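Chain letters run A, B, ... following the sequence lines, proteins first, then strands; residues in each count from 1. On a predicted model such as this, the values are computed, not experimentally measured, just so you know.
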2 protein chains.
Amino acid sequence: MVNLDLNKLPVARADMVVNPCAACSVRDLSICSVLDEDELQQMSEIAANLQFSPHDPIIDEGEAADFLFNVTGGTVRLYKLLPDGRRQITGFLTNGDFLGIALNDNYTYSAEAVDQVNVCRFPRKKLESLLDQYPHLEKRLLGVASNELVQAQDQMMLLGRKTAKEKIVSFLLSLSKRQTAIGRAASPVALPMSRSDIADYLGLTTETVSRTFSLLKRDQSIRIQEGGMVALPDIDHLTELADGY
Amino acid sequence: MVNLDLNKLPVARADMVVNPCAACSVRDLSICSVLDEDELQQMSEIAANLQFSPHDPIIDEGEAADFLFNVTGGTVRLYKLLPDGRRQITGFLTNGDFLGIALNDNYTYSAEAVDQVNVCRFPRKKLESLLDQYPHLEKRLLGVASNELVQAQDQMMLLGRKTAKEKIVSFLLSLSKRQTAIGRAASPVALPMSRSDIADYLGLTTETVSRTFSLLKRDQSIRIQEGGMVALPDIDHLTELADGY
DNA sequence: CGGTGCATTGATCAGAATCAATGATCGTGG
DNA sequence: CCACGATCATTGATTCTGATCAATGCACCG
C-alpha cells in the first residue's frame, strides 16, 4: 500500500492500489526504468504520491534531507538565495527528473512547484537501503548525477560568458531538446515559468528577459503562439546564435 | 606492474614497483580511500602515473573518453570554449580530486595543467569493471559526484548573482576551505593560477580581477605575501563579504 | 640587456541593471 | 457580467558595473 501523506493531497488512481509504479507514466524516463517488476513493487511500497500547486514549497534549503523525489508531472524550480534576497535558480525539473541526488544530511537548495506538480516521494533511508540492495539502481543514479554535472558545466558557461541574447536562445533550445527527449516536437516550446524565473535562471533581470524576447520576435527568430508557446522556426540558426558564431 | 606510458614521463618511485597505491600520498583524499589492500592492488595494476608541465593538455573536449584520472599533485583547470574563444573554467582540481566523472563517450570539457601536475590514470573500461565488482567504490564515486553537484550549484549562484568583489572573496574562501580540508592552515592561501584563469573561472576579465584584488588590499581585507600567497586576516569578515551581507 | 608574458592602473564605453510608467491578463467579488 | 485590484509583462529613460581599449610596470630568462 502506498504511504499516503495527509498533509498534501495524494494522487489517487485505481491502478495505484496494486502497484502504482507499474502504471507510472514517467517510468521509462526516471531511475525506475532499470527496475524489474519485483524491484518496482518494492519501490512502490516506500513511495508516496504527492501533488503541489504553483508556488508550494517542496523542499527548503537547510532542512533535514529526509526525502528524495521523482517528478512525475509539472515543473519544479530549484534555487538558492543570498541573505539579501538575490535568487539563483539552478535548474528546472520536469517529467522523470530526480530531485535530491546530493546525499547530504541537509538540502543545499530549495525547490518549489512552478505549476501543478506531481511527485513520487521516497524516504531517504529506505531508498538508500534499496540502493545497497540493487547496484544497478545505484549505477543508474550515478549516470543521472553525471548527466547533471555535464548540464551544470554548460550552465556555468552560459552564466559566466554568454550575452543576454545567447542566454535566452540557449535556454529555449535546452527546453526544445528536453521536449524531443520525451518524444515531443522540438517546436513550439512550452514556457510554464515566469519571466522572473527565467531571469533568475539565466543571471538576468526580468526586464532584460522581456526585452530580449521582443528582440528575437522582431528579427523573426522566434514566434509567440497562443498559450505562451514559443515557436522556433529555424533551430539551426538559433543554435548558432546560442554559441555566438 | 604499473602500466607505464612512454609519451609522458611517469613518476617512478621505488615503492611503486610493489604497490604504488599503498604509498599514495593522496589516498585518503581520493576515491581509493574506500579500498582495502587487495582492491588497492587491483587499482594499481590498471593505473599509470603521469606528469604534466604547465599548460600541457590533459584531456580535450570532444575526444574519446578512454581514461579517467586522479589528481595526485599540482592544480588542473577544467574548461569549455565557445567558438569565438571565450573560455569558462568550470573548476580547478587538486590533490585527490577525480577527473572524468561524467561517463559520456566523449569528454565534454578540456583539462590542462596549471602548474606541475601528477595524475594517476585509469583506462575507463577497466575502471568500470572494477566499479561493477566493488559497489562500495561505485558508492564512493556517487558521493564524489554528489559533492561536485553541490559545488556546481554554488558556482552558479556565484556566476549569476554575485558582484565582482563577492566573486573574488568567495573564490579565496573556497581555496581556503579546500586547504583546511587537506589539513593545511586556512590562511595564507596559495594561488597557482594566473589572473586570467581566475577571471575565466569567475566570469570576469583579468583587469577586473586585478582591480578587485587591489581594492581588497586597500581595505585590508587581504594581504599579499611573498610567493603570491594571499593572507586572509579575518575570515568571518570575508565570509560576510562573500554573501553580500 | 632586451624581450616576453603577466599584472596593474587609467580612460572610456557598453551591456545590462535600475528606476519608472504603462499595458495585459486573470481571478474575484459586487 | 463587468469592474476592480493584483500580478506579471512590456517598454522607456537613465545609471552603473564591469568590459574594452590602452599604457605602463614588473619579473623572469635567454
In this structure, how many angstroms lie between the C1' atom of D:dG18 and the CD atom of B:E207, rounded?
10 Å
Write down the distance between CG (A:L215) and P (C:dG15), rounded to a whole number of angstrom.
12 Å
Given D:dT20, is OP1 or OP2 found less than 4.0 Å from the side-chain N or O atoms of B:T205?
no
Can you list, by residue number, the residues of residues 152-167 of chain A that have a non-hydrogen atom closer than 4.0 angstrom to DNA chain C?
A:T163, A:A164
Side chains of A:Y79 and A:E112: any donor to acceptor distance under 3.5 Å?
yes
Look up atom OG1 in B:T90 and atom CE in A:M156, then write down how far apart they are to the nearest 0.5 Å.
6.0 Å
Presence of A:T208 side-chain N/O under 4.0 Å of C:dA17 phosphate oxygens OP1/OP2:
yes
Could you tell me whether the side chain of A:R211 has a donor or acceptor atom within less than 3.5 Å of a complementary atom in the base of C:dG15?
no
For atom NZ of B:K217 and atom P of C:dA7, their distance in whole Å
12 Å
Has A:T206 got a side-chain N or O lying under 4.0 Å from the OP1 or OP2 atom of D:dC8?
no
Rounded to whole angstrom units, what separation is found between the CD1 atom of A:I168 and the C1' atom of C:dA16?
12 Å
Using a strict 4.0 Å threshold on nitrogen-to-oxygen distance, state whether A:R87 and A:D197 make a salt bridge.
yes
Taking the side chain of A:S210 as heavy atoms from C-beta outward, which of D:dC8, D:dT11, C:dT8 is closest to it?
D:dT11
Do the two ring centres, one from A:Y201 and one from A:F92, sit under 6.0 Å apart?
yes
Rounded distance (Å) that lies between atom P of C:dT8 and atom CG of B:L191
10 Å
Spatial distance of atom CD1 (A:I198) from atom OG1 (A:T206) [nearest 0.5 Å]:
10.5 Å
Using whole Å, what does the distance between atom C1' of nucleotide C:dT9 and atom CZ of B:R218 come to?
10 Å
Separation of D:dA9 atom P from A:L204 atom CG, nearest Å, is 14 Å
Nearest-Å distance for atom pair CE/P, residues B:M193 and C:dA7:
12 Å
With a 3.5 Å distance limit and no angle check, can you tell me whether B:K217 reaches the backbone of B:R223 through a side-chain donor-acceptor pair?
no
Once you apply a heavy-atom cut-off of 4.0 Å, does A:G203 come out as touching a base, just sugar-phosphate, or nothing?
sugar-phosphate
So which atom in B:A164 and which in B:T208 form the shortest heavy-atom distance, rounded to 0.1 Å?
CB-CG2, 3.8 Å
